[in-house]
Protein chains: 2
Amino acid sequence: MNEQGGRGFIRIPKATFRAHIVDGLRSAILKGEISPGAQVTESSLAEQFGVSRGPLREAMRQLIDEGLLVTIPYTGTHVVELSVDDVREIYSMRVNLEIFAFELVWEKRDEAFRQGLLSRQAELTRCIDSSDDVASIDAELQLHGFIYEVSGHKILQKTWESIRGRLQLYWAAHHRAHGIRGPRRDGHDSYVANALGESLDVMRTEIRAHMARGGQQTEDFLLSSNAGKLERSDVQARATR
Amino acid sequence: MNEQGGRGFIRIPKATFRAHIVDGLRSAILKGEISPGAQVTESSLAEQFGVSRGPLREAMRQLIDEGLLVTIPYTGTHVVELSVDDVREIYSMRVNLEIFAFELVWEKRDEAFRQGLLSRQAELTRCIDSSDDVASIDAELQLHGFIYEVSGHKILQKTWESIRGRLQLYWAAHHRAHGIRGPRRDGHDSYVANALGESLDVMRTEIRAHMARGGQQTEDFLLSSNAGKLERSDVQARATR
DNA sequence: TGCTCATCGATTGTCAACAATCAATCACAG
DNA sequence: CTGTGATTGATTGTTGACAATCGATGAGCA
């Protein structure tokens with residue numbers, strides 16, 4: 001894990017240390033600098049971030065809430081491990097949430113919506129064409145997240161954010177394991193086309209198909225890479241939020 | 001998980017102060033002992049619960065995440081205020097979540113499911129008949145929550161829990177303001193009947209109608225009781241999570 | 001060998017004091 | 001009287017030290 005040279009005396013990092021640490025730690029987890037299953041201790045992280053255990057503790061608590069960390073009282077805290085069931089749940093939930101978001105947005109689609117969707121699609125295409133896998137993961141999340149933003153539904157948005165982290169974690173692990181990640185560009189082309197199309201029912205079908213493809217691919221990866229890790233379920237069973 | 005018989009007499013969960021405080025504080029908020037909009041300070045609560053500010057702070061952070069508290073850095077923390085938009089969002093989200101839950105459960109409905117649903121309906125009816133409004137709120141939440149439990153979908157369950165608190169807060173405030181709360185018993189009778197019925201589509205319609213009734217009732221209450229409270233939006237605009 | 005139990009190191013949980021920030025107040029000049 | 005800037009009290013943010021708990025280790029013994 002790389003320490004960014006000393007600790008810059010840049011005041012006003014974020015209104016509070018906690019928010020700053022949350023971003024840094026989450027980023028480190030999603031970038032794979034701390035691999036799934038690895039233990040993270042408050043003391044070492046506090047030293048790395050140059051703060052005391054207090055704010056760091058609260059930051060970890062938030063990441064536990066986001067489902068990126070798992071903790072066992074008085075014992076230890078680990079980066080969450082991949083689970084096939086979790087991935088199934090995430091994708092089935094995504095189908096549900098994204099259809100709901102489109103139902104909210106459908107009648108309010110305007111030129112700005114069209115532009116926003118197309119620009120994000122273009123960015124995603126660019127990242128795929130240049131084989132920048134890490135950036136393409138982010139671009140894909142930006143594309144899908146756009147719908148939730150436009151919906152203006154705060155609870156829906158927060159729910160999306162609560163699963164986005166784990167989704168990104170799965171994708172990032174998938175990328176590191178398989179070298180190439182390869183999201184289906186034509187899949188997103190038809191996704192965007194239908195999102196701008198005439199029929200909401202067609203879009204519903206598109207979302208289900210879109211998620212089925214992505215979910216299946218991720219499941220296959222997990223089944224192959226997770227064989228023989230039985231202690232994980234044991235850890236999760238005893239874990240508390 | 002079964003408790004090992006060895007020394008399993010440690011009755012109190014007492015695992016951590018934080019969990020205990022979260023329950024106590026949330027209960028106090030939902031019971032109205034701290035009214036919406038009231039300020040809660042860490043020091044006074046710490047003294048009240050007989051603990052230091054550390055664990056209490058983490059407990060508050062969790063309730064902030066649950067949407068029961070709102071905090072402004074370095075300034076203060078308040079019990080969240082009712083907002084018409086929030087209620088709209090909660091109810092629209094509930095329609096979505098509960099339909100999803102029934103889609104998951106529908107094919108797996110068995111005798112245990114039927115029994116669980118009927119017993120909770122009976123409990124709700126009993127509370128309504130005895131005019132125990134506070135208990136009927138809890139009973140209604142138990143009835144609806146049962147669906148999410150049975151679904152076995154952890155993310156869906158957590159999402160439901162993340163809005164349940166605010167829903168309960170609204171209902172409790174409604175009850176205190178109007179004296180009588182009066183959930184529609186026949187509404188729940190048809191709800192349960194359709195939940196045990198043959199057609200999933202009918203159940204979808206039932207859920208939409210059920211939420212429309214409850215949502216409209218709560219909205220009317222908020223519009224009448226919240227007139228002239230404009231500074232609230234100001235507070236929420238500056239609040240951070 | 002195989003089992004029990006005390007011990008030890010590691011990690012999280014808790015505490016009380018100190019620092020930073022904000023909002024209200026008040027003196028004061030125009 | 002009105003607006004403005006310093007002051008002050010209140011509240012959250014941060015810190016380092018101390019306590020409680022857990023899992024592993026190894027000694028002791030049948």
Side-chain angles (χ1 to χ4, degrees), chain A residues 7 9-25 34 37-65 69-79 231 234-235 237-241, chain B residues 1 3-4 6-25 34 37-65 69-79 231-232 234-235 237-241:
Chain A
R7 97 191 47 136
F9 261 59
I10 307 170
R11 272 318 185 196
I12 317 173
K14 287 271 179 146
T16 166
F17 281 179
R18 188 192 62 256
H20 185 241
I21 297 171
V22 165
D23 290 343
L25 185 52
I34 315 175
Q39 183 174 27
V40 289
T41 64
E42 297 178 355
S43 339
S44 66
L45 282 182
E47 193 179 358
Q48 285 175 27
F49 280 96
V51 297
S52 125
R53 273 182 57 213
L56 188 131
R57 213 178 138 78
E58 297 184 4
M60 286 178 67
R61 190 67 50 184
Q62 178 167 339
L63 292 183
I64 291 170
D65 252 36
L69 294 179
V70 183
T71 188
I72 302 176
Y74 290 105
T75 301
T77 308
H78 297 73
V79 178
E231 71 278 17
D234 203 23
V235 168
R238 302 186 43 196
T240 68
R241 43 177 279 126
Chain B
M1 285 309 119
E3 191 71 346
Q4 303 282 7
R7 70 193 63 142
F9 264 178
I10 312 174
R11 284 281 298 152
I12 283 300
K14 105 180 241 185
T16 167
F17 281 179
R18 188 191 60 255
H20 187 242
I21 297 172
V22 165
D23 290 342
L25 186 51
I34 315 176
Q39 184 175 26
V40 288
T41 64
E42 296 178 356
S43 338
S44 67
L45 282 182
E47 191 179 0
Q48 193 171 328
F49 279 95
V51 298
S52 146
R53 275 182 54 210
L56 189 130
R57 211 179 140 77
E58 296 183 4
M60 286 178 67
R61 192 64 53 185
Q62 179 168 338
L63 293 184
I64 291 170
D65 253 35
L69 294 179
V70 182
T71 186
I72 303 176
Y74 288 107
T75 301
T77 307
H78 297 75
V79 178
E231 70 277 18
R232 188 205 51 76
D234 201 23
V235 167
R238 302 187 42 198
T240 67
R241 47 175 276 121

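Chain letters run A, B, ... following the sequence lines, proteins first, then strands; residues in each count from 1.
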Trainee: What is the separation between atom OH on A:Y74 and atom P on C:dG9, rounded to the nearest whole Å?
Mentor: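 A:Y74 atom OH is separated from C:dG9 atom P by 21 Å.
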Trainee: Output the rounded distance in Å from CD (A:E47) to C1' (D:dG16).
Mentor: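 One finds 14 Å between C1' of D:dG16 and CD of A:E47, rounded.
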Trainee: Between C1' on C:dT14 and CZ on B:F49, what's the gap in Å once rounded to a whole number?
Mentor: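 Rounding to the nearest Å, CZ of B:F49 and C1' of C:dT14 are 16 Å apart.
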Trainee: Could you tell me the separation between the CD1 atom of A:I21 and the C1' atom of D:dG13, rounded to a whole number of Å?
Mentor: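 These atoms are roughly 11 Å apart.
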Trainee: Of all the choices, C:dC22, C:dT12, D:dG13, which nucleotide is nearest to the side chain of B:R61 once you look at every atom?
Mentor: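 Among C:dC22, C:dT12, D:dG13, the one nearest the side chain of B:R61 is D:dG13.
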Trainee: Round to a whole Å and report the spacing from CZ of B:R18 to C1' of C:dT12.
Mentor: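 For the pair B:R18 CZ and C:dT12 C1', the rounded distance is 10 Å.
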Trainee: Given atom NE2 of A:H20 and atom P of C:dA20, what is their separation to the nearest angstrom?
Mentor: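 In whole Å, C:dA20 P and A:H20 NE2 are 19 Å from each other.
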Trainee: Using a cut-off of strictly less than 4.0 Å, decide whether A:T71 has a side-chain nitrogen or oxygen near OP1 or OP2 of C:dT12.
Mentor: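 For A:T71, the contact criterion (side-chain N or O under 4.0 Å from OP1 or OP2 of C:dT12) is not met.
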Trainee: Is the phosphate of D:dT12, meaning OP1 or OP2, less than 4.0 Å from a side-chain N or O of B:R57?
Mentor: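 No, no such contact exists.
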Trainee: Under 4.0 Å between a side-chain N or O of A:T77 and OP1 or OP2 of C:dT12?
Mentor: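 Yes, because at least one side-chain N or O of A:T77 sits under 4.0 Å from OP1 or OP2 of C:dT12.
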Trainee: Does B:R61 reach the side chain of A:R61, with side-chain heavy atoms less than 4.5 Å apart?
Mentor: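 With C-beta onward as the side chain, the pair stays apart.
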Trainee: My understanding is that only one of B:T41, B:T71, B:L45 makes a side-chain contact (heavy atoms from CB on, under 4.5 Å) with B:M60; could you say which?
Mentor: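 With B:M60 as partner, B:T41, B:T71, B:L45 yield a single side-chain contact (heavy atoms from CB on, under 4.5 Å), made by B:L45.
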Trainee: For B:S43 and D:dA10, is the shortest distance between a side-chain N/O and OP1 or OP2 below 4.0 Å?
Mentor: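 Indeed not, no polar side-chain atom of B:S43 lies that close.
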Trainee: Are any non-hydrogen side-chain atoms of B:L69 and B:V79 less than 4.5 angstrom apart?
Mentor: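 Sidechains of B:V79 and B:L69: in contact.
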Trainee: Mind listing the closest non-hydrogen atom pair of A:L56 and A:F49 along with its distance?
Mentor: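 Smallest heavy-atom distance, with atoms named: CD1-CD1, 4.2 Å.
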Trainee: Between D:dT11 atom C1' and B:E42 atom CD, what is the distance in whole Å?
Mentor: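 About 8 Å, once rounded to whole Å.
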Trainee: Heavy atoms only, 4.0 Å cut-off, all strands: where does B:G54 land among base, sugar-phosphate and nothing?
Mentor: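 Result for B:G54 = nothing.
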Trainee: Do you know the tightest heavy-atom contact between B:I21 and B:A59?
Mentor: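 Scanning both residues, the minimum pair turns out to be CG2-CB, 3.7 Å.
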Trainee: Separation of A:R53 atom CZ from C:dA10 atom P, in whole Å?
Mentor: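 Atom-to-atom, A:R53 to C:dA10, this comes out as 15 Å.
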